[in-house]
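Notes to accompany the following structure.
Just follow the structure's listing: the first ligand is 1, and inside any ligand the first atom is 1.
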Amino acid sequence: MSVNQQAHTGPPYGQPQPGYQGYQQPAYGGQPLPGVPQSQYGAYNGPMPGYQQPVPPQGYFPSLGFPSKGSPVSLNSDTSSLAPNFIGSLRAPPTSGAPPPASGASLPSGHLAYSQFGHGDVQNGIPTSAAPMQRPPASQPFLPGSAPTPVSQTSTFQQYGPPPAGVQQLSNHMAGMTIGSTTASAPPPAGLGYGPPTSVPPVSGSFSTTGSGLYTPYTASQGPPPTSVSQGLPLAQPPFPGQPISTQRLPTQVPGFAPPPSSTGIGPSSYPPTTGAPRPPTMPGPPLPGQTAAGPPASQPNHVSSPPPPATMAGPHPGPPMSGLHGPLPPTHPPQPGYQMQQNGSFGQVRGPQPNYGGAYPGTPNYGSQPGPPPPPKRLDPDSIPSPQLNELPPQQKPRHRIDPDAIPSPIQVIEDDRSNRGSEPFVTGVRGQVPPLVTTNFVVKDQGNASPRYIRCTSYNIPCTSDMAKQSQVPLAAVIKPLATLPPEETLPYLVDHGESGPVRCNRCKAYMCPFMQFIEGGRRFQCCFCSCVTEVPPHYFQHLDHTGKRVDFYDRPELSLGSYEFLATVDYCKNNKFPSPPAFIFMIDVSYNAVKSGLVRLICEELKSLIDFLPREGNMEESAIRVGFVTYNKVLHFYNVKSSLAQPQMMVVSDVADMFVPLLDGFLVNVNESRTVIASLLDQIPEMFADTRETETVFAPVIQAGLEALKAAECAGKLFIFHTSLPIAEAPGKLKNRDDKKLINTDKEKTLFQPQTSFYNNLAKDCVAQGCCVDLFLFPNQYLDVATLGVVTYQTGGSIYKYAYFQLETDQDRFLNDLRRDVQKEVGFDAVMRVRTSTGIRATDFFGAFYMSNTTDVEMAGLDCDKTITVEFKHDDKLSEDSGALLQCALLYTSCAGQRRLRIHNLSLNCCTQLADLYRNCETDTLINYLAKHAYRGVLGSPVKTVRDALINQCAQILACYRKNCASPSSAGQLILPECMKLLPVYLNCVLKSDVLQPGPEVTTDDRAYIRQLVTSMDVAETNVFFYPRLLPLTRADVDSDSLPAAIRNSEERLSKSDIYLLENGLNIFVWVGVNVQQSLIQNLFGVSSFSQISNALSTLPVLENSFSKKVRSIVDMLQVQRSRNMKLIIVKQEDKLEMLFKHFLVEDKSLSGGASYVDFLCHMHKEIRQLLS
Ligand SMILES: [Zn+2]
């Protein structure tokens, strides 16, 4: 199998449904295909029909002593008269602060030869095109009747019969994990799941589809090198070494309930427990009585002080090939109608078809929860872990008990178990309230009526019926929604449905869109809304008869009746000003101040753009992108460029009055790439030359955004600004900033100001941008503080992306930057987007987290929304819910496609509702919970002291776990720590959030870093937050060089590292390669091309390309990881005992951190104490 193949399991589910094949899916960023019919899309060469060429603002014609306004300059005329502004003839840009160039050709900057400026637009003439804009061809409508029904899916589905028994057991979310109780209560659930790993071949593969394949790979002849090598290799990891947690028992010191300490609250004195004596990692000390029996089964032998693990640990797993990945399909099992495995541990009552839902899939009517008694929960002996009052004792005398790290819940084990249990079968979405596989599991989704977990994940798939229950549990009810998520190739993109001029069919009252949960009544003449119960007439053109089950006979022909996700073509009613939108535009805005030029950045960007503009996103059925492009350069003034195709050379126009920004040219600024290719290439060749000798160090920032905004306004279109910026904008202009960085504010009440913008100017600008659909992507290259918290405001509120390359150096950082830029330019994006989440009666969306703007309480507005952006939505009860009808979510996203087509993307999800808290806890997803909690906390730091935010997080999680202990766990010693199976990783992950740079910064973390990370996390999906907070650590020296698999991940603790091994750690932003001091010389030679440890340079930003299997293997792993992430990760080589190791250790999140963050063991003890206090 080559590294270019996809890593997904290959059951036939992924294939497009046959009947839909005529429909061309929208695709983005594709290369023009020869033979594809020419787009009917009229190239946009000028203003809209009827568009009046606006009278330029006052002062625009600066011919008479008004040198500060627009200054159009011909770039190709006689240099003797227009010297300072000639591209190509002059070296110095017209920057006011720049000293005059040595040649006498130019005037001092203060004069700038503005007197030659005539009429700004005189060279542009009148708009060349007065033809009305053509509406882009509607994508081929979904044709009812032409599609075979998905019934066949149901039958195909049957082949996935019951999994091997071991799998079933392991899927049990309530399988007990008993740690250490020797009391009579709650006997361990023998055989229930926590035995050694099953014999089922693990289908590991944590590859999310984040980076999957809609991005055009460059070919050698066409442009830049490919940004990626693969799209996710299959991971054929051996099963994780046995770690039979449930069978491990620590001795109970004091069986029974231990009274809580007298101290109350979660005050600063009691947390963090880092004042306690750190557990010596390599000197565990003598075991306590009885503890020897609890010794771990040495499942993690790669302890620092241990000898290298046996070869069998590292070698290829002798098991069968990874099913479905690159080997044979998974074994088929006898048909099993119930398909219980999909229930994933839901043990609620069996439910028949629900109102508004039932009977959708013949043969699979009883997808209700699997019956069965809840198995006993997992227990952790309270008294085998340290006593809570640690800080009352001198550190050295604290009565700490050695907690075996292998006896506490392991993220690695949970991830591996889920891969083994759920990675080999498709996730079929026909069942209400199903918990999907973890984000770290590689699986294929089959849409049968609910949105894929790639679009929506929930904190719980079974939500309490009442508000009281919800409050009691403190489990936040939230959905993490990624409306334009990229799907792996074997999954089908949402179909586009065209209901003609009347538009999509909607509920009369709540305006919910037609979906699989609407109930047709009265012979199909009306339908009852599943959200508000209102009855609406079926429009005549949409009428269809019902079959004997009450289902429309065209049920399977219509995506909006049978699928969880689909799109509607929007009518003109859904467009601004009742006018179909123009295609969007991309404007590239390049800082050409001294630092940008000197670092080589300007030249790099211009070189890259020459080829990158050929890879703009395009509609799948179009030969060329409809997106127009424009170019601006700036320092403390702005330079606009006329790149109209009829020009022999580009023309520059300077606007030096940045106080009242306007665009000095209309025609010729935004152009079609193919038409203006020659002029654009010429411009991009000339820009680096023009500014090569600049001495201007000051920049403006807000006027740059304003200029882009005004240009889009003038063109009456949405679009995206790509701003490449290097410094704090201190030049006199609107939005001017001052350096207000002050790390002394950390841990004070004023710390929050570091996260807040220093002026409200950018908030107002963001609002204007959103109104126009002007999305701002920001690439920052700072050499010092530039106030990300303020500069990022517009990016954040317009749904844009922010990238930061501190101390940018061409040699080490250019690949990372270029990969990010290529991906950013090419990725799927919708413009002028509005998202609304509707819910069935009883709950409603109350809070939203992400990069967007809201002008009311329901509509999430985004100037741009790309395939990587996620919105987390919180729900609250406003009424009772019922177990019968469950709860429904409908996310509707209205947006303009990259070709200017107005569309609605609809995602529906049905959840179960419960009257028993146990059902809630059995159907939670901790990864999603952490995504929500992190975003909630990261927003909290804007308004509260960081410590308050941390304490609130701990308190909420303690309440969640205490509620479980009190209401759901079987009777047992009250002093035991009992964790719900689905939440057993909550403490370790929560601790990672608490220790993160935003909430507890280390000394090396800058204010800009914190603001940057805060902003990034707010838009992350669940897979990204998962790896960001708990990084992936891979022993490279154990990789099987002969297979495509990754080595099995290990836990993030220093004591798991061996001095003889090389490890890779990734968190979505960085990749560290850690080299132990005792690594064999041959391995060092093979990987780094040097003969000894001391010769390894930690200045490397890439691994050398060496012709040996180990080098190839490691590089392929790095490439594979890079492709999965939405941004290129920085590669950092760390040698053991080297200075940089401190940085690396910061990411060993199970250990105590230098910044004061608790170790996992200590934090678990602390949580236990908190829970006991709540229960007392
Ligand atoms: Zn309704």
Side-chain angles (χ1 to χ4, degrees), residues 353-360 432-433 449-451 455-456 458 463 465 477 479 481 483 497 499 502-544 546 550-552 554-555 558-571 573-574 834-846 848 856-860 873 875-894 903-913:
Q354 304 296 329
N356 298 327
Y357 182 67
R432 189 176 82 184
N450 282 290
Y455 296 123
I456 307 181
C458 294
I463 61 181
C465 279
L477 305 177
I481 307 178
V497 179
H499 282 172
S502 57
V505 177
R506 306 174 68 173
C507 167
N508 270 349
R509 184 199 283 163
C510 74
K511 303 295 179 193
Y513 294 86
M514 182 52 64
C515 73
F517 310 116
M518 296 289 188
Q519 192 82 15
F520 286 88
I521 55 176
E522 297 178 25
R525 289 189 301 277
R526 294 164 163 232
F527 67 92
Q528 183 168 28
C529 179
C530 51
F531 296 94
C532 74
S533 302
C534 174
V535 173
T536 300
E537 293 285 337
V538 172
H541 70 86
Y542 198 67
F543 174 80
Q544 187 53 267
L546 308 183
K551 196 169 60 189
R552 283 172 60 119
D554 61 351
F555 181 87
R558 292 190 176 272
E560 76 274 20
L561 297 182
S562 52
L563 298 176
S565 300
Y566 43 86
E567 293 201 323
F568 289 117
L569 196 60
T571 63
D573 296 336
Y574 294 83
V834 183
M835 187 186 93
R836 182 176 286 194
V837 179
R838 290 181 174 81
T839 48
S840 52
T841 308
I843 54 167
R844 63 191 170 85
T846 53
F848 302 84
N856 58 44
T857 56
T858 53
D859 294 326
V860 176
V873 184
F875 302 93
K876 290 239 159 60
H877 287 76
D878 57 6
D879 203 347
K880 275 188 182 169
L881 297 164
S882 94
E883 283 183 291
D884 281 348
S885 45
L888 299 174
L889 314 179
Q890 183 178 76
C891 164
L893 177 79
L894 176 63
R903 294 182 183 165
L904 284 148
R905 179 169 290 201
I906 313 293
H907 298 297
N908 303 287
L909 187 64
S910 58
L911 302 173
N912 285 331
C913 295

With the Zn ion (ligand 1) as the apex, the SG/SG angle for C507 and C532 - to 10°: 100°
Test item: L881 and I843 side chains (from C-beta on) under 4.5 Å apart, heavy atoms: yes
Within 45° cone of Y566 ring axis and under 6.0 Å: R558 NZ or CZ: no
The Zn ion (ligand 1) contact by C510, N, O or S atom under 2.8 Å: yes
For T536, side chain to side chain contact (heavy atoms under 4.5 Å, CB included) partners two or more places apart: C507, N508, F527, C534
Chi angles and distances behind the side-chain contact (heavy atoms from CB on, under 4.5 Å) call for L894, F568: CA-CA 9 Å; L894 176 63; F568 289 117; over 6 Å; no
N, O or S atom of C529 closer to the Zn ion (ligand 1) than 2.8 Å: yes
